[in-house]
Protein chains: 2
Amino acid sequence: MYSISDIARLTGITAYTLRYYERIGVLPKPRRQLGNSGGSRQYDDLDLRYIRFIYGLKQTGMTLEDIMSFTKDGCLLTEREEDAPIIEDTLHSRIDILNRHIADLDQRMKQLEEVKAVALEKRAFYSAMLEKLEKADHIL
Amino acid sequence: MYSISDIARLTGITAYTLRYYERIGVLPKPRRQLGNSGGSRQYDDLDLRYIRFIYGLKQTGMTLEDIMSFTKDGCLLTEREEDAPIIEDTLHSRIDILNRHIADLDQRMKQLEEVKAVALEKRAFYSAMLEKLEKADHIL
DNA sequence: GCTTGACTTAGAGTCAGCTCTAATTTTTAT
DNA sequence: ATAAAAATTAGAGCTGACTCTAAGTCAAGC
């Protein structure tokens, strides 16, 4: 079991931000130490894995609103047993959402590839120029 | 020659934002129609190409500050003749900056790959479950 | 020459996404 | 049992990145 500061250390997200994400609904409410909703937050490895997944989306350019559109409809990505019953309907919906998300990731990667291609081109241009200059130096 | 609204249309960046980028130094000051700094902004294809490159960086998650750290030291990525004279020193510096930038892009792509791997895993999990359910239906 | 429309500026306003404060309670170590 | 460290909350404040307003200038068509 992890505390909020353990999670902060393990993920690189501040405790402030973790509480903020919970408040606005990006992350689900975790269990608490005492009573149904008192005491400190307690996280397990499944929570950690989920938080890392969500943070990955954020870090790769997805807005919190977009992230929420994937996670609402009943917290679709947690894989936790106590979540919505797994019936064919929700399964189809989950798979659809993942498909859309994968397509979005592919789009982002394509864009990065394009930017990288331009950068490589520029580097090749400068390298060629440098080589010419060095040859000229050698002759003199 | 393009006006600011041509560039806005061609890149998808608003004219407001283009002026803002120029103001804070993300984009260089373009030529003007009349006098040295009066009249409307005029852009050519090299400017357009450069603006698209910069916007690509932004869209793939780089902050404006990070972008500026690549472009300062004398507007290192424009390839325009009237820029800093091409001497060995600045060439080395340009190549270094591009190398750092390419490394950064690789890092971002790696992160996207990781997020995608998790998404694919989740999808496979749900698909397998769906298949099982369908088989069960068939038997009944 | 006048209107229309796109351009110009400085500066104010907006919104997302944190980030922190203050006052309080809970947890942990001795 | 008590002190220190870490957690809790609501809500205020901050920063980055736009986004717009207002007041004015310029160029083209009628």
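Lettering of chains follows the sequences in order, A, B, ..., and the numbering in each one begins at 1.
- Side-chain atoms of A/Asp45 and A/Tyr2 form a donor-acceptor pair, as typed in the model, at a separation below 3.5 Å.
- If you take CZ of A/Arg41 and P of D/dA6, they are 17 Å apart, rounded to a whole angstrom.
- Along DNA chain D, the nucleotide nearest to B/Met62 and the one nearest to B/Tyr16 differ in position, and the one closer to the 5' end is contacted by B/Met62.
- Considering only side-chain N and O atoms, B/Tyr20 lies nowhere under 4.0 angstrom from the phosphate OP1 or OP2 of D/dG16.
- Nearest to the side-chain atoms of B/Leu64 among the listed nucleotides C/dT9, D/dA17, D/dT8 stands D/dA17.
- Put simply, OH on A/Tyr21 is 14 Å from P on C/dA16, counting in whole angstrom units.
- Spacing between atom CD of A/Gln42 and atom C1' of D/dA7 amounts to 12 Å, rounded to whole angstrom units.
- Distances shorter than 4.0 Å separate some side-chain N or O of B/Arg32 from OP1 or OP2 on C/dT9.
- Under 4.0 angstrom from either OP1 or OP2 of C/dA6 there lies no side-chain N or O belonging to B/Ser40.
- In plain terms, the two heavy atoms of A/Pro28 and A/Glu22 that are nearest each other are O-CG, 4.0 Å.
- Between the CG atom of A/Asp6 and the C1' atom of D/dA5 there is a distance of 14 Å, rounded to whole Å.
- The listed nucleotides are C/dT8, C/dC18, D/dT8; the one nearest the side chain of A/Arg19 is D/dT8.
- Within the nucleic acid shown, A/Ile4 comes within 4.0 Å of sugar-phosphate atoms alone, with no base atom in reach, counting heavy atoms only.
- Distances shorter than 4.0 Å separate some side-chain N or O of A/Lys58 from OP1 or OP2 on C/dC18.
- For the pair A/Arg41/A/Arg19, a side-chain contact is recorded, criterion being any heavy-atom separation below 4.5 Å from C-beta on.
- Atom CZ in A/Arg9 sits about 14 Å away from atom C1' in D/dA5, given to the nearest Å.
- Side-chain proximity of B/Ser3 to C/dT8, C/dC7, D/dC18: nearest is C/dC7.
- Toward the 5′ end of DNA chain C lies the nearest nucleotide of A/Arg23, the other residue of the pair A/Gln33 and A/Arg23 mapping further downstream.
- Going from atom CD of B/Glu65 over to atom P of D/dC18 covers 14 Å, rounded to whole Å.
- Summarising the local packing, CD of B/Glu131 is surrounded by 12 or fewer heavy atoms from other residues, nucleotides or ligands at distances under 6.0 Å.
- Under the 6.0 Å distance and 45° angle rule, B/Lys122 counts as a cation-pi partner of A/Phe53.
- For the pair B/Glu22 CD and D/dC18 C1', the interatomic distance rounds to 16 Å; values are reported in whole Å.
- Following rounding to the nearest Å, A/Tyr2 (OH) and D/dA7 (P) show an atom-to-atom distance of 15 Å.
- At the heavy-atom level, A/Ser5 lies under 4.0 Å from the strands shown only through sugar-phosphate atoms.
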